[in-house]
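Note sheet for the following structure.
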Amino acid sequence: MAARRRAAVFRVATTYIGTVVGAGFASGQETLRFFAAYGPAGLAGILLATLLFCVLGISAMNLGRRLGAETHREILHHVLGASLGRIMDGAITLFLGITLTVMIAGGGAIFAQQLGAPYALGTLLTAVVAGATILAGMRGVMAANTVVVPLLSLAVLGLVGASLHHHGLGEVLSALSPHAALAPARSWWMSALLYVSYNLVLALSVLGPLGAEIRDRTALLWGGLLGGLALGVMAAGMTLAISAHLPEAAVEIPMLYLTRFHGPFVQWFYAVVLWAEIYTTAVGCAYGFAGRLGQAWRYREAVVASICFALVGSGFGFSRLLALFYPLFGLVALVVLAGLLRERLRGVPRG
């Protein structure tokens, strides 16, 4: 594979990962609820989620390439039709704004919990840096993820590896047990579908334009495959590590709970990485939200409006926003997931 194509694969994979993971994933909160809560069955859920991330992520990017997508709207209209596409476009645009708000609130929570700094300072800094980044468009989104995602992957896998080494794989596997009170759905497979649906549908605002930007089908194929597999590997490792410490690890930021066993440097390092990952997801959501507003306003004005919306909404708090809206996102987004699956099954024409 030529050096230029390898670089494109790396950009696609890191942008995909960085758009999906954010405050919920890097904190361990999503992994706790959507997978660890189901005990051993949660590992089956991770396998299902990984397969869907690989297959549907590649399909979404190829659709973006074919349609020359500027936002998620072109993909929605293609897979759902004009009428339903318009409805889902409005819903997803709203969800992007709310998720941006959750990310900004997450930045404030990190500042308050780890630094003892004012919550408002953390939200303001996160919002301003994210807004400045997306002024550069898709290139700014890719640049942010290219730097942050490898750092996050190393931090997550390092912390997971240390936890598994401390307890031993056999002890960790034996610790896997259901915690029904934490689960967002009755069955592990429905939980996996909800998890993929809201993450993938919110990522469409970046994946579509990313496919149009890269345009190399081979790079999109390998980048989507590597991105989906990396998401699965990290989710599996985090599920095992968190499960070894349940129910004590069922806190607002489970991964920061795990760092307490590895000294203050590890705690601070992971807090910085967690904030950086919140920032990259805020960048992806802000790009999609401002991109849709920008079709009615000037893009720079849309960016400012998006950031102001998120700052106001962040006053409701991180954990409250995440617990309320994420399962709802998943239910609504199942409509789009079904459309993408249907498109994939009937085959995407080459072009």
Side-chain angles (χ1 to χ4, degrees), residues 1-22 25-26 46-70 72 74-75 78-79 137-157 192 195-197 199-238 277 280-281 283-284 287-288 336-337 340-351:
M1 190 180 293
R4 184 174 180 180
R5 177 165 284 171
R6 285 197 298 269
V9 169
F10 183 73
R11 290 199 302 272
V12 170
T14 54
T15 302
Y16 187 7
I17 296 167
T19 303
V20 170
V21 304
F25 184 96
I46 291 172
L47 286 175
L48 174 60
T50 302
L51 175 63
L52 291 174
F53 273 132
C54 290
V55 172
L56 297 182
I58 293 168
S59 294
M61 289 186 285
N62 273 319
L63 275 174
R65 179 185 63 85
R66 286 180 53 221
L67 301 172
E70 296 182 356
H72 57 260
E74 293 86 351
I75 293 177
H78 181 82
V79 301
M138 176 54 68
R139 294 187 183 277
V141 177
M142 287 192 291
N145 284 290
T146 299
V147 173
V148 173
V149 168
L151 185 63
L152 171 75
S153 302
L154 289 174
V156 167
L157 294 177
Y195 177 72
V196 172
S197 65
N199 272 301
L200 191 63
V201 169
L202 290 174
L204 285 180
S205 61
V206 171
L207 296 182
L210 179 62
E213 174 81 18
I214 298 295
R215 301 202 63 80
D216 183 335
R217 293 184 75 249
T218 302
L220 295 176
L221 170 65
W222 284 103
L225 183 63
L226 291 175
L229 289 174
L231 289 168
V233 169
M234 287 193 289
M238 291 167 69
E277 195 45 59
T280 61
T281 303
V283 164
Y287 177 78
V336 183
L337 193 70
L340 287 171
L341 281 170
R342 184 183 62 180
E343 180 72 17
R344 179 64 185 177
L345 290 173
R346 71 186 182 188
V348 180
R350 297 180 182 273

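Here, residue 1 is the first one in the sequence, and each next residue gets the next number.
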Distance (rounded to the nearest 0.5 Å) between [X] [atom1] and [Y] [atom2]:
X	Y	atom1	atom2	result
I58	L225	CD1	CG	5.5 Å
I17	F53	CD1	CZ	11.0 Å
T218	R5	OG1	CZ	4.0 Å
L231	S153	CG	OG	8.5 Å
L51	L229	CG	CG	10.0 Å
L207	H72	CG	NE2	12.5 Å

Minimum heavy-atom distance between [X] and [Y], given as atom pair plus value:
X	Y	result
V12	M61	CG1-SD, 3.6 Å
Y195	A49	CD2-CB, 4.4 Å
P150	F10	CG-CZ, 3.7 Å
A212	A69	CB-O, 3.6 Å

What pairs meet the salt bridge (Lys or Arg N to Asp or Glu O under 4.0 Å) rule with one or both residues in residues 199-215, with sequence neighbours excluded?
R139-E213
Hey, does I214 have a side-chain heavy atom less than 4.5 Å from the side chain of R65?
no
Side chains of V79 and L63 in contact at under 4.5 Å (non-hydrogen atoms):
yes
With [X], which residues qualify under side chain to side chain contact (heavy atoms under 4.5 Å, CB included), at least two apart?
X	value
A13	L226
V233	L157
L48	L52, W188, W189, A192
A155	F269, Y270, V273

Taking side chain to side chain contact (heavy atoms under 4.5 Å, CB included) as the criterion, tell me which of L200, N199, V206 meets it with V20.
N199
